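Since the structure is predicted, the reported quantities are computational estimates derived from the model, not experimental observations.
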Amino acid sequence: MTLQQEIIAKLGVKPSINVDEEIARRVAFLKEYIRKAGVSGLLIAISGGVDSAVATGLCKRATDELSQETGKEYITLGVFQPYGEQADIQHSYAVAEAFNLTHKVETNIAEAVDEIALETEYAFKALGTPRHMSRGGKGNVKARTRMVVQYALAFDLNLLVVGTDHASEALTGFYTKWGDGAVDLTPLSTLNKRQVRELARRLGVPAEVIDKAPTAGLWEGQTDETELGVSYEANSDYLEGKEIDPKAREILEKHYLRTEHKRQPIPGI
């Protein structure tokens with residue numbers, strides 16, 4: 001078995017999908033998880049990107065169906081989490097409107113993140129190595145702060161926190177450990193980026209969200225493909241078992257091997 005075949009098997013990606021079947025299967029998964037957990041619904045952070053938009057559509061469909069089937073109200077809470085001014089925040093609100101979210105809230109993380117950064121820089125100074133936090137380090141603080149707020153809301157509202165990670169991100173480890181990777185369930189985990197976009201079109205995600213350049217929003221101008229050095233088209237082709245440019249293959253496999261720790265349970269002895 002080649003490394004590519006091993007990765008595809010581990011991540012569970014299909015070479016092609018039936019979009020309607022995949023939507024129905026994932027909605028059923030969410031409904032069953034809600035029932036078993038005995039919670040009141042789901043919480044989804046809506047970043048303005050296509051991944052969170054698809055997850056929002058699945059969550060809303062699941063809680064609507066459960067409400068209709070049981071006569072009890074189940075909710076999907078959409079959370080917008082800008083750091084200061086977010087240039088594309090209108091896309092987050094457009095997603096909420098597209099799926100008729102009646103429960104939504106904005107929680108700006110800027111003050112909390114800046115305070116953590118300041119305390120960290122005090123620690124650097126105390127250690128005799130005064131400096132500012134690196135851009136990447138502060139980016140990770142943003143991702144983890146968002147999750148702290150999400151879980152604070154979810155705990156008191158009796159909700160499960162839904163993640164947006166999918167197989168194309170798992171392949172490259174392109175998520176923050178204990179940040180956006182720290183969730184209760186991930187309804188997109190066996191889809192590649194191309195397949196996520198297929199679901200987006202069927203669910204009715206706004207076109208401007210589907211077509212925009214993917215970004216984690218960790219700093220201004222950041223895009224996934226620039227940071228990773230490989231396109232999501234090549235990434236998706238790889239996960240569908242296709243032959244891709246050898247250089248792109250090398251980049252993807254290096255990312256996968258380097259980030260293996262993110263996909264494993266915490267080691268111990």
Side-chain angles (χ1 to χ4, degrees), residues 8 11-34 41-69 74-80 88 90-104 160-171 174-175 180 183-216 224-225 231-242:
I8 292 169
L11 299 182
V13 181
K14 299 175 183 177
S16 63
I17 61 170
N18 179 303
V19 174
D20 292 327
E21 288 180 2
E22 291 298 331
I23 290 173
R25 189 164 71 91
R26 290 161 205 282
V27 168
F29 163 76
L30 290 169
K31 289 165 63 177
E32 182 64 17
Y33 209 96
I34 291 168
L42 305 169
L43 182 153
I44 177 71
I46 307 175
S47 68
V50 67
D51 304 334
S52 67
V54 170
T56 300
L58 296 173
C59 289
K60 185 60 162 54
R61 188 171 293 193
T63 53
D64 282 354
E65 288 185 8
L66 270 181
S67 296
Q68 292 168 3
E69 292 165 6
Y74 290 90
I75 71 166
T76 292
L77 173 62
V79 184
F80 316 123
D88 63 349
Q90 75 276 9
H91 289 159
S92 298
Y93 281 89
V95 168
E97 184 176 349
F99 294 115
N100 194 29
L101 279 193
T102 54
H103 298 82
K104 50 188 180 290
L160 292 170
V161 176
V162 176
T164 65
D165 293 337
H166 48 74
S168 286
E169 291 181 338
L171 170 59
F174 196 69
Y175 53 90
D180 50 319
V183 294
D184 293 317
L185 62 169
T186 53
L188 308 180
S189 60
T190 56
L191 298 171
N192 64 36
K193 189 74 169 187
R194 179 183 296 132
Q195 294 165 346
V196 170
R197 288 194 174 109
E198 290 181 50
L199 265 65
R201 285 187 282 271
R202 186 60 56 86
L203 287 166
V205 172
E208 64 268 25
V209 174
I210 297 174
D211 297 335
K212 70 191 291 187
T215 174
D224 297 0
E225 292 174 321
S231 72
Y232 273 120
E233 283 299 301
N235 180 311
S236 296
D237 283 344
Y238 181 91
L239 288 172
E240 291 170 11
K242 298 173 183 174

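- Applying the salt bridge (charged side-chain N to carboxylate O under 4.0 Å, His left out) test to D237 and every residue at least two apart in sequence or in another chain returns R194, K242.
- Taking the side-chain contact (heavy atoms from CB on, under 4.5 Å) definition, one finds that S168 meets it with H166, N192, K193, Y232, N235, S236, L239, sequence neighbours left out.
- For T102, there are no side-chain contact (heavy atoms from CB on, under 4.5 Å) partners at least two apart in sequence or on another chain.
- Residues forming a ring pair (Phe, Tyr, Trp, His ring centres under 6.0 Å) with F80 (at least two apart in sequence, or on another chain): Y93.
- The side chain to side chain donor-acceptor pair (under 3.5 Å) search around S189 returns none, not counting sequence neighbours.
- With sequence neighbours left out, A94 forms a side-chain contact (heavy atoms from CB on, under 4.5 Å) with P206, E208.
- Taking T76 as the reference, T63 meet the side chain to side chain donor-acceptor pair (under 3.5 Å) condition, with sequence neighbours excluded.
- E198 is linked by a salt bridge (charged side-chain N to carboxylate O under 4.0 Å, His left out) to nothing, counting only residues two or more places apart in sequence or in another chain.
- With sequence neighbours excluded, the residues forming a side chain to side chain donor-acceptor pair (under 3.5 Å) with E22 are K14, R25, R26, listed by chain and number.
- Looking at residues two or more places apart in sequence or on another chain, you find a side chain to side chain donor-acceptor pair (under 3.5 Å) between S52 and S47.
- For D211, there are no salt bridge (charged side-chain N to carboxylate O under 4.0 Å, His left out) partners, not counting sequence neighbours.
- Scanning for side-chain contact (heavy atoms from CB on, under 4.5 Å) contacts around K31 gives V27, R35, A62, E65, L66, E69, with sequence neighbours left out.
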